[in-house]
Novice: 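This is the structure, below, for whatever I ask next.
Count residues from 1 along the sequence. All figures in this text were calculated on a predicted structure; none of them were measured in a lab. Numbering of ligands and ligand atoms starts at 1, following listing order. Hydrogens, waters and symmetry mates are skipped; everything else that's a heavy atom, side chains included, is used.
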Amino acid sequence: MSEVKKMDFTIGKKIRESLQADCQSCFGLCCTALNIAASSDFAIHKAAGTPCPNLQSDFSCQIHHKLRDQGFKGCTVFDCLGAGQKVSQTTFHGQDWRQFPEVSEKMFRVFPIMDQLYEMIAYVAEALSYKVDSSLYNKLHLQLEQLQRATELEADALLAIDIPTFRLPVNGLLLETSEQIRQSHIVKIGKNTRKYDNRGVDWMGKNLKGKDLRATDLRGSYLIAANLQNADLRGVDFIGADLRDANLRGADLSTSMFLTQMQINSAQGNLQTKLPSHLKRPSHWVV
Ligand code: SF4
């Protein structure tokens with residue numbers, strides 16, 4: 001029988017808040033390892049394993065302060081949550097791929113795997129910050145430990161990980177968390193006739209200005225360029241939702257669930273937008 005954990009909802013919050021990229025400790029892995037197709041988000045095509053031409057010898061970006069103006073909006077959106085420094089400093093013990101080219105090919109293949117492990121850790125840590133029941137808390141805790149152990153593996157063991165096999169139980173637990181927490185929001189709001197399950201809905205460009213969408217399931221929804229200005233989005237599950245260019249000005253996302261920095265970075269907002277404590281207001285959001 002698995003050990004029952006003492007419930008402490010601050011642990012998940014602390015872990016979630018600690019997941020921040022430290023580009024100074026990374027060997028420019030997001031600018032090198034990933035395959036990026038030319039689009040409105042990235043001005044050039046770049047193959048996986050090829051350094052971006054803007055990457056400097058010290059792994060900083062030579063157009064860092066003008067990325068959006070020069071057609072590299074996608075670079076201001078990406079967030080590895082700390083996977084880059086983990087691969088650089090732990091998996092490869094600080095061996096820089098420029099000085100040790102023999103490790104480069106393996107390092108670039110490990111990075112996307114670590115990135116996905118970190119993404120799952122962020123979601124599970126967030127789930128652990130909610131007041132779920134003890135059975136779910138225990139399962140989330142065990143899942144978090146398994147994911148954290150995986151990030152400590154050697155490069156070859158990381159490359160052998162089957163990510164879909166990891167994702168399956170994580171998705172199940174996140175779904176269970178979402179159901180429990182949104183239900184508690186619905187009870188507080190008081191049931192009304194509106195629909196709370198809008199999973200995968202296509203609301204691209206839809207005008208939802210000022211709407212009360214509290215506790216709605218918007219998993220995997222298409223909200224590209226939707227107008228959510230001043231909308232009440234507390235308790236909304238946003239996992240996998242596409243928020244590119246969605247208007248979040250003045251919206252209340254303070255207790256939105258499973259919202260990521262990348263989703264926020266890709267949307268439009270302002271100083272009045274309320275965000276969960278683990279997310280930062282993007283510098284491109286204007287007053
Ligand atoms: S433009 Fe800058 S931030 Fe974007 S991939 Fe190239 S070096 Fe990295």
Side-chain angles (χ1 to χ4, degrees), residues 17-119 121-122 151 155 158-159 163 224-225 240 242-246 248 259-269 275 278-286:
E17 287 175 354
S18 73
L19 294 170
Q20 306 286 342
D22 173 12
C23 302
Q24 308 280 330
S25 303
C26 174
F27 302 137
L29 295 181
C30 63
C31 310
T32 310
L34 306 178
N35 176 63
I36 310 175
S39 68
S40 58
D41 284 344
F42 201 78
I44 55 169
H45 175 77
K46 192 197 78 57
T50 309
C52 170
N54 294 320
L55 188 67
Q56 302 187 104
S57 56
D58 64 353
F59 300 112
S60 64
C61 171
Q62 66 176 346
I63 58 165
H64 180 68
H65 295 292
K66 41 187 177 178
L67 283 164
R68 288 195 159 237
D69 295 341
Q70 301 222 352
F72 290 84
K73 188 168 75 169
C75 302
T76 67
V77 169
F78 187 78
D79 177 21
C80 77
L81 296 160
Q85 68 253 30
K86 185 73 175 178
V87 172
S88 301
Q89 303 302 331
T90 304
T91 318
F92 288 89
H93 315 288
Q95 286 182 308
D96 147 3
W97 54 264
R98 280 198 168 114
Q99 284 185 44
F100 300 89
E102 65 277 14
V103 305
S104 61
E105 190 262 341
K106 204 176 266 189
M107 187 184 280
F108 300 152
R109 284 195 295 130
V110 164
F111 175 66
I113 293 168
M114 189 69 84
D115 187 43
Q116 293 181 77
L117 290 173
Y118 265 65
E119 183 194 38
I121 287 174
T151 67
L158 279 160
L159 289 173
I163 288 289
I224 301 165
D242 194 336
L243 284 162
R244 280 176 291 164
D245 290 322
L248 299 175
L259 193 60
T260 68
Q261 191 66 53
M262 283 176 62
Q263 285 169 311
I264 287 301
N265 291 349
S266 73
Q268 304 292 328
L275 295 172
H278 61 271
L279 300 181
K280 291 185 193 142
R281 195 172 305 279
S283 56
H284 59 270
W285 284 13
V286 290

Novice: When you measure from atom 2 (Fe) of ligand 1 to the N, O or S atoms of C61, does any of those distances fall below 2.8 Å?
Specialist: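 Within the cut-off used here (under 2.8 Å), C61 does place an N, O or S atom near atom 2 (Fe) of ligand 1.
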Novice: Who's the nearest protein heavy-atom neighbour of atom 8 (Fe) of ligand 1, and how far?
Specialist: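 Sorting protein heavy atoms by distance from atom 8 (Fe) of ligand 1 puts C31 SG, 2.3 Å first.
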Novice: Is it true that some N/O/S atom of C52, main chain or side chain, lies under 2.8 Å from atom 6 (Fe) of ligand 1?
Specialist: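 Under 2.8 Å: C52 contacts atom 6 (Fe) of ligand 1 through an N, O or S atom.
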Novice: Looking at L67, which atoms of ligand 1 are within less than 4.0 Å of one of its heavy atoms?
Specialist: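 Atoms satisfying the 4.0 Å criterion: 1 (S), 2 (Fe).
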Novice: Any N/O/S atom from C75 (main chain or side chain) under 2.8 Å of atom 8 (Fe) of ligand 1?
Specialist: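 Looking at C75, which is the residue asked about, there is no N, O or S atom under 2.8 Å from atom 8 (Fe) of ligand 1.
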Novice: If you measure only the distance, is there a donor-acceptor pair under 3.5 Å linking the side chains of D41 and S39?
Specialist: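 No pair is found: no donor N or O on one side chain lies under 3.5 Å from an acceptor on the other.
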Novice: Give the atoms of ligand 1, by number and element, whose distance to some non-hydrogen atom of N54 is under 4.0 Å.
Specialist: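 Matching atoms, with element in brackets: 1 (S), 6 (Fe), 7 (S).
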Novice: Give a yes or no on whether Q24 atom CD has more than 12 heavy-atom contacts from other residues, nucleotides or ligands under 6.0 Å away.
Specialist: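 Open: at most 12 neighbouring heavy atoms sit under 6.0 Å from CD of Q24.
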Novice: Could you check whether the rings of F72 and F42 sit parallel, tilted or perpendicular, using 30° and 60° as the cut-offs?
Specialist: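 If you compare the ring of F72 with that of F42, the planes turn out perpendicular.
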Novice: Run F108 and W97 through ring-ring contact (aromatic ring centres under 6.0 Å, His included) and show every step you take.
Specialist: CA-CA 9 Å; F108 300 152; W97 54 264; 5.4 Å; yes
Novice: Whether the R98 and S57 side chains hold a donor-acceptor pair (N or O, under 3.5 Å, no angle test) is what I'd like checked.
Specialist: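 Not at all, the side chains of R98 and S57 share no donor-acceptor pair under 3.5 Å.
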